[in-house]
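Being a predicted model, the structure only gives us computed values, none of them experimental.
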Amino acid sequence: MSRYARKREPPIRPVKSVEIDDKNRKWKLIAAAAFLVVGACFIAWGVKSCTTMEPGWQQIQASAKVEETCAGDFVFFYLLGEDGKAVSTEQQEVTKVYTQCTTDAFQIFHETEVFGDVHNVAYLNQHVNEEVEVPRVLYEAFALLEKYENRGLYLAPLYQEYVNLFLCDGDWTAEAYDPDKNPEQDRYFSEILTYTSDEQAVRLELLGNNRVRLSVSEAYLQYAQEKEISVFIDFYWMKNAFIADYLAQQLTAAGYTKGTLSSYDGFSRNLDTTDGDYKLNLFDRVGKDVYLAGAMQYKNVMAAVSLRNYSTSELAVQLYYQWKDGTYTSCHISPVDGRSKSVMNDMTGYSYRLSCGEILMQMYPLYVADTWDEEGFKALPANGVETAYCRDYVIYTSDPAVAVSNLYERDGVKYRWEP
């Protein structure tokens with residue numbers, strides 16, 4: 001995951017996983033292991049080795065010759081040999097499409113580097129107050145944010161500070177970047193928020209026909225110059241939701257629908273129309289411990305968003321920081337006050353008809369919040385988003401069509417499912 005240059009470079013800390021002591025291990029990090037192998041979404045009846053060219057489920061990886069790709073953020077499995085083609089031929093064909101669309105997505109959503117004539121996020125950051133034609137997928141992502149009045153896109157300068165924090169190698173260094181622990185940082189956040197919360201200071205205007213204008217006020221431009229700010233918009237932790245949708249769209253358009261893909265940070269798309277059985281892992285953090293609480297069984301095409309305020313993957317080094325006392329600061333930043341917050345440790349939203357981006361937009365104000373909005377969560381299913389979450393070792397699901405299996409039960413910890 002690439003990031004922009006940082007104002008103040010902290011030491012790079014080693015990648016951290018969830019803290020566990022040897023005495024109390026009891027499979028608490030089985031979630032991380034499962035996620036790194038097959039992602040949040042996996043085939044219920046097993047996946048064959050990707051090293052063979054036999055028919056069946058194979059992991060598809062982007063070509064090793066391509067470096068500028070987001071494929072490293074995703075795990076993609078495809079059911080080969082179902083259409084009568086030679087397995088090796090079909091594998092080569094789907095690999096070619098997957099390599100191309102992961103390369104395109106990497107370039108389109110990049111916030112600091114421009115690639116050739118691609119008018120990506122970085123291009124907009126470098127051409128403020130200009131009318132620019134952008135790729136359709138980028139325009140649609142901007143439109144979705146505007147539809148839900150989500151201003152998370154404009155928190156780019158604050159995201160930079162949080163990435164600095166997440167990369168620190170100790171609490172003493174990390175406190176310098178935490179607005180709740182450093183008064184100077186708190187003042188800086190307050191200054192930034194006066195601009196990021198004001199549509200007159202910064203706004204992405206949708207002009208139609210894939211044309212946009214990143215409007216930035218003179219006052220904000222002057223302040224940005226003083227503070228060496230060069231990035232005004234950035235999808236940051238939301239990025240892979242839109243990329244997952246784009247990959248699903250491109251693969252489906254090319255005729256490849258017998259697959260499932262998921263990102264390390266919780267965004268999944270199941271393309272399979274064969275009515276196969278699938279499972280979606282449900283994780284739960286209780287204090288310092290992370291459990292694979294159970295697995296939700298489902299069928300058919302589905303998009304899923306799993307929000308967690310802790311890391312389940314070594315790839316998430318720029319999304320979380322675990323303090324010495326075991327608490328986490330996560331990438332879920334409120335556009336209101338610039339603070340990292342989450343109303344619960346983990347929550348999954350999924351839909352049989354909506355995209356990851358739209359699911360995220362509906363979950364965002366409910367999850368990135370100080371208090372639990374009971375009515376808001378109850379309204380999600382009526383808007384096409386079903387939910388699954390854990391509380392007090394109980395898994396709650398809103399969808400009557402699913403079942404939960406593989407409930408965790410070990411060393412005195414027992415989960416139960418309540419539909």
Atom pair [atom1] ([X]) and [atom2] ([Y]), whose distance is rounded to the nearest 0.5 Å:
X    : Y    : atom1 : atom2 : answer
M347 : S342 : CE    : OG    : 12.0 Å
H119 : D117 : NE2   : CG    : 6.5 Å
C331 : D265 : SG    : CG    : 7.5 Å
L380 : I359 : CG    : CD1   : 10.0 Å
L280 : N270 : CG    : CG    : 10.0 Å
D346 : R285 : CG    : CZ    : 8.0 Å

Is there side-chain contact between [X] and [Y], with heavy atoms separated by less than 4.5 Å?
X    : Y    : value
L271 : K258 : no
E111 : I233 : no
L261 : L251 : yes
D104 : Y246 : yes
E199 : R151 : yes
I229 : Y223 : yes
Y415 : D284 : yes
E146 : L206 : yes

Give me the ring orientation class for [X] and [Y]: parallel if the planes are under 30° apart, tilted from 30 to 60°, perpendicular past 60°.
X    : Y    : answer
F142 : F235 : parallel
F242 : F109 : parallel
Y389 : F377 : tilted
Y123 : H127 : parallel

Would you confirm whether the ring centroid of [Y] sits within less than 6.0 angstrom of the ring centroid of [X]?
X    : Y    : value
W323 : Y321 : yes
F232 : Y220 : yes
F106 : F115 : yes
F283 : Y408 : no

Hey, is the main chain of [Y] close enough, under 3.5 Å, to the side chain of [X] for a donor-acceptor pair?
X    : Y    : answer
R391 : Y393 : no
N125 : S230 : no
S398 : T387 : yes
N309 : K341 : no
Y195 : Y154 : no
T99  : S63  : yes
N209 : R211 : no
N182 : A176 : yes
S340 : T329 : no
Y320 : R308 : yes

_Candidate pair E90 and Y256, rule side-chain hydrogen bond (donor to acceptor under 3.5 Å, both in side chains), full reasoning_ = CA-CA 10 Å; E90 187 176 26; Y256 299 106; over 6 Å; no
*Where do Q91 and Q58 land on the side-chain hydrogen bond (donor to acceptor under 3.5 Å, both in side chains) test, with the steps shown first?*
CA-CA 9 Å; Q91 190 266 350; Q58 305 284 350; over 6 Å; no
For the pair [X] and [Y], find out whether any cationic side-chain nitrogen is under 4.0 Å from an anionic carboxylate oxygen.
X    : Y    : value
E175 : K181 : no
D73  : K239 : no
D180 : R339 : yes

*Starting from the C-alpha separation in whole Å, work towards a yes-or-no answer on ring-ring contact (aromatic ring centres under 6.0 Å, His included) for Y98 and F76.*
CA-CA 9 Å; Y98 185 60; F76 177 40; 4.7 Å; yes
Compare every heavy atom of [Y] with every heavy atom of [X], then report the nearest pair and how far apart it is.
X    : Y    : answer
V305 : C356 : CG2-O, 3.6 Å
S355 : D245 : CB-OD2, 3.2 Å
K378 : P381 : O-CD, 3.3 Å
L158 : G338 : CD1-CA, 3.9 Å
P55  : G81  : CB-CA, 4.5 Å
T327 : D325 : OG1-OD1, 2.6 Å

_Working note: E191 + K227, criterion side chain to side chain contact (heavy atoms under 4.5 Å, CB included); need CA distance, chi angles, decisive distance, verdict._
CA-CA 11 Å; E191 293 172 359; K227 299 296 183 180; 4.0 Å; yes
Between [X] and [Y]: side-chain donor-acceptor atoms closer than 3.5 Å:
X    : Y    : value
D399 : T397 : no
S306 : T348 : yes
Y148 : E358 : yes

*Take Q318 and L167 through the side chain to side chain contact (heavy atoms under 4.5 Å, CB included) test and state the conclusion after the steps.*
CA-CA 6 Å; Q318 299 190 45; L167 293 177; 3.9 Å; yes
*Assess whether atom CD of E149 is packed by more than 12 heavy atoms of other residues, nucleotides or ligands within 6.0 Å.*
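No, not enclosed.
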*Could you check Y367, Y162, Y236, Y310 and say which one makes a ring-ring contact (aromatic ring centres under 6.0 Å, His included) with H332?*
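The single option meeting the ring-ring contact (aromatic ring centres under 6.0 Å, His included) with H332 is Y367.
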*Taking it one step at a time, do I243 and F267 satisfy side chain to side chain contact (heavy atoms under 4.5 Å, CB included)?*
CA-CA 9 Å; I243 290 180; F267 302 107; over 6 Å; no
*Decide side chain to side chain contact (heavy atoms under 4.5 Å, CB included) for M296 and Y350; before the verdict, give the C-alpha distance in whole Å, the side-chain angles of both, and the deciding distance to 0.1 Å.*
CA-CA 11 Å; M296 188 182 72; Y350 61 96; 3.6 Å; yes
*Given P135, which of N210, I108, N120 fulfils the side chain to side chain contact (heavy atoms under 4.5 Å, CB included) condition?*
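Per the side chain to side chain contact (heavy atoms under 4.5 Å, CB included) rule, the option paired with P135 is I108, out of N210, I108, N120.
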